[in-house]
Amino acid sequence: MEIESKFLDQLARARRVCVLTGAGISAESGVPTFRGGGQSAVWKGMPFDEISSARMVRENLGEVWEWFDYRLGILKDCRPNAGHFALAEIAQRFSDFTLVTQNIDGFHCEAGSRDVIELHGNIQRARCVDCEKRFEIAGIVPHWPEECDECGAKLRPDVVLFGEMLPEGAFEIAVEAARRCDLFLVVGTSALVYPAAGLAAIARSAGAVVVEINPEETALSDVCDFAIREKSGVALPMLASVLNVE
Ligand code: BJW
Ligand code: ZN
């Protein structure tokens, strides 16, 4: 794989780094992405943006749980890949490093990344629809939707569905990191979902160099300074090794 030497210079010079990841970084772990090759994930004939929506939680929570149970089943057999581990390693090289993810699989933490900003929540947690108490899912899967042991209301997945607000404060921290970084990496996202997709433009207009790691072009490609058209499981370990020999 060729990486432009101008980009390697930027990487070597960077002091403050912010990374935004999406489903593509977990693709090499065997986790299906949402979009790609003109396709969109479908569950029982329903496009994912319909089943993963605030409306479905209100109208058919049981169906939402079936969809999430199915995905928990897939994740059970998947592990973080070389891309996740490389990002945890790269973070060690910078005193100011922020990892922002749209993924709900928890793989960045499992690979050793710290203080990960999970913009869209985490599939391993449930949340009470009423009092918002959170529950770890491990070991309590049997008959969804379970009831909250505090107030008796139903539990829902603790993830951010279409039409829902992001976790309090999470996007604000991400915006701050995007504004102050000098290098912004966008990894494995189609950059179609807002407000996450807006972070790259925020970084760029604050003066950062924006770099995309994705085998395909995306909605953001035009605003990127560099693109590495490679799988993140290949590109990120290479960046980590470049940083390690300096
Ligand atoms: C590889 C690879 C490899 C493959 N290596 N790469 C402004 C404009 C228009 C609309 C809006 C807007 N602001 C808000 C909206 C509405 C909406 C939105 O963005 N809609 C657009 C789609 C039109 N946003 C929201 O509703 C958000 N909430 C919000 O804005 O709240 C404020 C508000 C509330 C109420 C009223 C008004 C305002 C919430 C968005 C939540 C998104 N949630 C989901 C589902 C989570 C739960 C679940 O998992 O089911 O999150 S949607 C889905 O998309 C998921 C992802 O995190 C997200 C992003 O997808 P991602 O990661 O980019 O994956 P893919 O599949 O799209 O792309 C994969 C990429 O990987 C591809 O590019 C491949 O090439 C690449 N790839 N292999 C590297 N090996
Ligand atoms: Zn409750």
Side-chain angles (χ1 to χ4, degrees), residues 20-41 43 46-57 64-65 67-72 74-75 81-84 86-87 100-106 118-135 145-168 170-171 185-201 212-221 227-237:
L20 172 69
T21 65
I25 195 170
S26 295
E28 288 155 88
S29 295
V31 184
T33 60
F34 296 91
R35 310 164 187 86
Q39 305 266 311
S40 169
W43 165 252
M46 228 184 291
F48 76 91
D49 50 355
E50 209 174 311
I51 181 92
S52 280
S53 70
R55 188 176 62 81
M56 275 305 279
V57 167
V64 173
W65 271 119
W67 155 240
F68 277 86
D69 275 352
Y70 161 73
R71 292 165 67 201
L72 278 164
I74 295 178
L75 278 174
N81 65 55
H84 299 101
L87 273 182
V100 182
T101 189
Q102 300 168 85
N103 298 346
I104 60 174
D105 55 32
E118 295 182 319
L119 289 181
H120 295 165
N122 193 305
I123 195 170
Q124 303 293 348
R125 282 192 313 262
R127 185 176 87 227
C128 173
V129 294
D130 201 357
C131 74
E132 307 228 317
K133 182 173 173 182
R134 288 176 163 79
F135 298 81
E146 293 268 322
E147 284 167 7
C148 174
D149 62 11
E150 203 72 49
C151 73
K154 296 257 185 282
L155 301 188
R156 54 159 290 170
D158 192 18
V159 300
V160 182
L161 306 173
F162 279 114
E164 295 185 330
M165 303 302 280
L166 272 50
E168 211 181 320
F171 189 64
L185 291 182
V186 197
V187 185
T189 175
S190 58
L192 291 170
V193 174
Y194 283 80
L199 290 168
E212 173 169 75
I213 299 179
N214 195 316
E216 309 287 332
E217 290 205 357
T218 74
L220 274 186
S221 299
I228 303 176
R229 296 272 164 248
E230 189 42 278
K231 292 181 173 180
S232 47
V234 175
L236 289 168

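Index from 1, following the sequence. One-based numbering, in listed order, for ligands and for the atoms of each. In what follows, every heavy atom counts, from backbone to side chain, and hydrogens, waters and symmetry copies are set aside.
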For Leu192, the atoms of ligand 1 under 4.0 Å from one of its heavy atoms are 21 (C), 22 (C)
Output for pair (Asn81 CG, Glu28 CD), nearest 0.5 Å, gives 5.0 Å
Per-atom contact, atom 16 (C) of ligand 1, protein heavy atoms, under 4.0 angstrom
no
*asked:* Polar contacts were defined as any N/O atom of the residue lying under 3.5 Å from an N/O atom of the ligand; does this apply to Arg71 and ligand 1?
replied: yes
With heavy atoms and a 4.0 Å threshold, my read on which part of Asp49 contacts ligand 1 is neither
Query raised in the report: Considering residues, nucleotides and ligands other than Glu164, do more than 12 of their heavy atoms fall under 6.0 Å from its CD?
Result: yes
Query raised in the report: Would you say Cys148 and Asp130 make side-chain contact, with heavy atoms under 4.5 Å?
Result: no
To the nearest 0.5 Å, atom CG of Leu87 lies from atom CD1 of Ile25 at 4.5 Å
So the atoms of ligand 1 within less than 4.0 Å of a heavy atom of Val193 turn out to be 19 (O), 40 (C), 42 (C), 54 (O), 58 (C), 59 (C)
In ligand 1, the atoms that come under 4.0 Å of a heavy atom of Gly188 are 6 (N), 69 (C), 70 (C), 71 (O), 79 (C)
Query - Side-chain heavy atoms of Ser52 within contact of Arg71, under 4.5 Å - result: yes
Consider ligand 1: state whether an atom of it lies below 4.0 angstrom from any non-hydrogen atom of Ile25.
-> no
Determine, step by step, whether Val31 and Leu75 satisfy the side-chain contact (heavy atoms from CB on, under 4.5 Å) criterion, reporting the C-alpha distance in whole Å, the side-chain angles of both residues, the deciding distance to 0.1 Å, and the verdict. CA-CA 7 Å; Val31 184; Leu75 278 174; 3.7 Å; yes
Per-atom filter on ligand 1: closer than 4.0 angstrom to a heavy atom of Ala23 are 61 (P), 62 (O), 64 (O)
Looking only at distance, does Val159 have an N or O less than 3.5 Å from an N or O of ligand 1? no
Exercise. Trp67 vs Tyr70 aromatic rings, parallel, tilted or perpendicular, using cut-offs 30° and 60°?
Worked result: parallel
Nearest non-hydrogen protein atom to atom 38 (C) of ligand 1, with distance, is Met165 SD, 4.8 Å
Note: Gln102, heavy atoms under 4.0 Å from ligand 1, region reported as both
So the atoms of ligand 1 within less than 4.0 Å of a heavy atom of Ala27 turn out to be 78 (N)
Short version for Ser52: what comes under 4.0 Å of ligand 1, heavy atoms counted, is side chain
When distances are taken from atom 73 (O) of ligand 1, the protein heavy atom at minimum range is Asn214 ND2, 2.9 Å
**Prompt:** What about Lys231: any of its N or O atoms under 3.5 Å from an N or O on ligand 1?
**Reply:** no
Closer than 4.0 Å: a protein non-hydrogen atom to atom 32 (C) of ligand 1: yes
Hey, does Thr21 have a side-chain heavy atom less than 4.5 Å from the side chain of Asn103? yes
Nearest heavy atom to atom 67 (O) of ligand 1, choosing from Gly121, Ser190, Ser53, belongs to Ser190
Nearest non-hydrogen protein atom to atom 20 (N) of ligand 1, with distance, is Phe162 CE2, 3.9 Å
Logged contact type for Glu164 with ligand 1, heavy-atom cut-off 4.0 Å, is backbone
Output yes when a protein non-hydrogen atom is found under 4.0 Å of atom 10 (C) of ligand 1, and no otherwise.
no
Rounded to 10°, the SG/Cys148 to the Zn ion (ligand 2) to SG/Cys151 angle comes out at 110°
In this structure, atom 57 (O) of ligand 1 is nearest to the protein heavy atom His120 ND1, 2.8 Å
Between Val160 and ligand 1, is there a nitrogen or oxygen pair with a distance under 3.5 Å?
yes
Rounding to 0.5 Å, atoms CH2 (Trp43) and CZ (Phe68) come to a distance of 11.0 Å
For atom 5 (N) of ligand 1, the closest protein heavy atom turns out to be Ser232 N, 2.9 Å
Glu28 heavy atoms within 4.0 Å reach ligand 1 at atoms 3 (C), 5 (N), 80 (N)
### Query
Can you find a pair of side-chain heavy atoms, one from Phe34 and one from Val193, that are under 4.5 Å apart?
no
Ranked by distance from atom 24 (N) of ligand 1, the top protein heavy atom is Tyr194 O, 3.0 Å
inquiry  = Is there a side-chain contact between Glu212 and Glu217 in this structure, where contact means two heavy atoms from C-beta onward sitting under 4.5 Å apart?
reply    = no
Atom 2 (C) of ligand 1: closest protein heavy atom, distance to 0.1 Å, is Gly24 O, 3.4 Å
**Prompt:** How about Val100 and Leu119: do any of their side-chain heavy atoms sit closer than 4.5 Å?
**Reply:** yes
Which of Arg127, Glu132, Glu118, His120 passes side-chain contact (heavy atoms from CB on, under 4.5 Å) with Asp158? It is Arg127
For Glu216, the ligand 1 atoms with a heavy-atom partner under 4.0 Å come out as 75 (O)
Closest to atom 56 (C) of ligand 1 among protein heavy atoms sits Phe34 CE1, 3.6 Å
Per-atom filter on ligand 1: closer than 4.0 angstrom to a heavy atom of Gly163 are 25 (C), 26 (O), 34 (C), 35 (C)
Query - Lys/Arg-Asp/Glu bridge criterion (N-O < 4.0 Å) met for Arg35, Glu216 - result: no
Are any of the side-chain heavy atoms of Lys154 and Glu147 separated by less than 4.5 Å? yes
**Prompt:** Is Leu236 close to Ile213 at the side-chain level, that is, under 4.5 Å between some pair of heavy atoms?
**Reply:** yes
